[in-house]
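Worksheet for the structure shown next.
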Protein chains: 2
Amino acid sequence: MDDKTRPASISMPEKLDGGASGPMDVRVWLRMLSCTMTIEKMLRRNFQDQFNTTLPRFDVMASLNRHPDGQTMGQLSRALLVSNGNVTAIVRQLQEQGLVEARADPEDRRSSIVVLSAAGKAQFDQLAAAHHRWIAGVFAEVGVEDQTQLYGLLATLKASIAGKGQG
Amino acid sequence: MDDKTRPASISMPEKLDGGASGPMDVRVWLRMLSCTMTIEKMLRRNFQDQFNTTLPRFDVMASLNRHPDGQTMGQLSRALLVSNGNVTAIVRQLQEQGLVEARADPEDRRSSIVVLSAAGKAQFDQLAAAHHRWIAGVFAEVGVEDQTQLYGLLATLKASIAGKGQG
DNA sequence: TCAAGTTAGTTTAGGCCTAAAATAGTTTTC
DNA sequence: GAAAACTATTTTAGGCCTAAACTAACTTGA
């Protein structure tokens, strides 16, 4: 295959995380975007290569794992912040693989309640362990103090975002 | 339209940024992911609503703006960390709108060199100004000290990522 | 009651993205 | 100089994602 098709799997987008030019807020944003995209890309690739699954499917399974009684499509959509139609497609795939099951909602015939199957739960445990290993690898050289500080600063950013409209 | 289709435009994915459970590194990752996705979503929506364009197209234009002599498809692909085929499609769209031009590479007939057109440059200036306003809005309540600290911590993370393989 | 409005979910059209295969041009090596 | 290897790019198949249109079912209120 043409190996140039695939960007280096664990390198930073140099041009995106521009050196030291421009206003500080934009520089922070570009660096955060660059880190996030790089990690996300690594996760996607690892999920694909090692488990033949995808990050969005993992996200759905993780959400269902936190809700043993199941969730409706709408609850999944809101929890994961993806569109309703998108959830439809992802859940359908998980259903085809027997990883989740849908049962009728006794209180609302429009809804069905999606739950992790036994097979899904078993697979999720493996996925979650691997996911944690991968994240730990990425943060290996960030001390726990720095992690805590980062966590706090991101809370500040999160609050700032919440306070802002569209611009 | 069904307004539930569209997730709240500027809220956080509660379930993703889980409360205070799990290992610190995963918590940091989920919070960073959540902030990044929220900001990215806001940018996409604003680009769409206010300029009828998209973030990837802006990224290509930004890269070309930094390279007045133009870039080949491969250079764009590497700079933006997206696949070659993807660059092909985005550049084609920009070409159709007259925002970029492609000229033959005199030294390699396989390549063409893409440059921002005059119209493209003019539009980019507007887009960049708006982009900066939006980012400034998001970081409005994050003090410059905090921004600097965040920038440094992300550098640490970036170095940690670079030091790690696939897991 | 029953029409109007609301809500849950699916479908559709279209953009983004990747990996892999295919095409075309360039370089290397014998 | 020609075959082999390599490189730049495009094409294709398929997953992710959204907004908007649509269907079906529930709720409300006169």
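The chains referred to below are lettered A, B, ... by the order of the sequence lines, with proteins before strands, and numbering in each begins at 1. Bear in mind the structure is a predicted one, so any value in this text is a computation, not a measurement.
- Between B:Lys41 and the phosphate of D:dC17, there is no side-chain N or O to OP1/OP2 separation shorter than 4.0 Å.
- Residues A:Ser83 and A:Ser77 come closest through the heavy atom pair C-OG, 3.7 Å.
- Rounded to whole Å, atom C1' of C:dC17 lies 13 Å from atom CG of B:Asp59.
- Taking all atoms of both residues into account, the shortest heavy-atom contact from B:Pro56 to B:Ile90 is CB-CD1, 3.7 Å.
- Following rounding to the nearest Å, A:Leu80 (CG) and D:dC17 (C1') show an atom-to-atom distance of 13 Å.
- Between B:Arg109 and C:dT26 there is a side-chain N or O to OP1 or OP2 distance below 4.0 Å.
- If you check every strand for non-hydrogen atoms under 4.0 Å, A:Gln93 touches sugar and phosphate atoms only.
- Heavy-atom nearest nucleotides on DNA chain D were determined for A:Pro56 and for B:Gln75, and the one closer to the 5' end corresponds to B:Gln75.
- Considering only side-chain N and O atoms, B:Ser111 lies under 4.0 angstrom from the phosphate OP1 or OP2 of D:dT9.
- B:Arg57 comes within 4.0 angstrom of sugar-phosphate atoms only, judged by non-hydrogen atoms across all strands, and of no base.
- The minimum heavy-atom distance between B:Gln75 and B:Gly70, with the atom names listed, is OE1-O, 4.3 Å.
- Listed nucleotides C:dC16, D:dC26, C:dT18 differ in distance to B:Val82; the shortest reach to its side chain belongs to C:dT18.
- In this structure, B:Asp108 reaches the sugar-phosphate backbone alone: every heavy-atom distance under 4.0 Å involves primed, P, OP1 or OP2 atoms, never a base.
- Spacing between atom CG of A:Asp49 and atom C1' of C:dA20 amounts to 14 Å, rounded to whole angstrom units.
- Across the protein-nucleic acid pair, A:Gln97 atom CD and D:dG15 atom P stand 11 Å apart, rounded to whole Å.
- Considering only side-chain N and O atoms, B:Thr88 lies nowhere under 4.0 angstrom from the phosphate OP1 or OP2 of D:dT11.
- You won't find any donor-acceptor pair under 3.5 Å spanning the side chain of B:Arg110 and the base of C:dT26, going by distance alone.
- Separating the CG atom of B:Asn86 from the C1' atom of D:dG15 is a distance of 13 Å, rounded to the nearest angstrom.
- For A:Met42 and C:dT18, the CE to C1' distance is 17 Å, given to the nearest whole Å.
- Atom CZ in B:Phe58 sits roughly 15 Å away from atom P in C:dC16 (whole-Å rounding).
- For the side chain to side chain contact (heavy atoms under 4.5 Å, CB included) test, residues two or more places apart in sequence or in another chain that qualify with B:Thr156 are A:Val142, A:Asp146.
- In terms of phosphate contacts, A:Arg44 brings no side-chain nitrogen or oxygen within less than 4.0 Å of OP1 or OP2 of C:dT18.
- No contact: B:Leu55 has no heavy atom under 4.0 Å from any strand.
- Considering only side-chain N and O atoms, A:Arg45 lies nowhere under 4.0 angstrom from the phosphate OP1 or OP2 of C:dT18.
- When distances are taken from the side chain of B:Ile90 to each of D:dT10, C:dC17, D:dA19, the shortest belongs to C:dC17.
- Annotation for A:Leu33 and B:Glu40: closest pair CD1-OE1, 4.0 Å, computed over non-hydrogen atoms.
- Counting to the nearest Å, the P atom of D:dT11 and the CZ atom of B:Arg92 are 7 Å from each other.
- Scanning all heavy atoms of the two residues, the minimum distance from B:Ser63 to B:Gln71 falls at OG-OE1, 2.8 Å.
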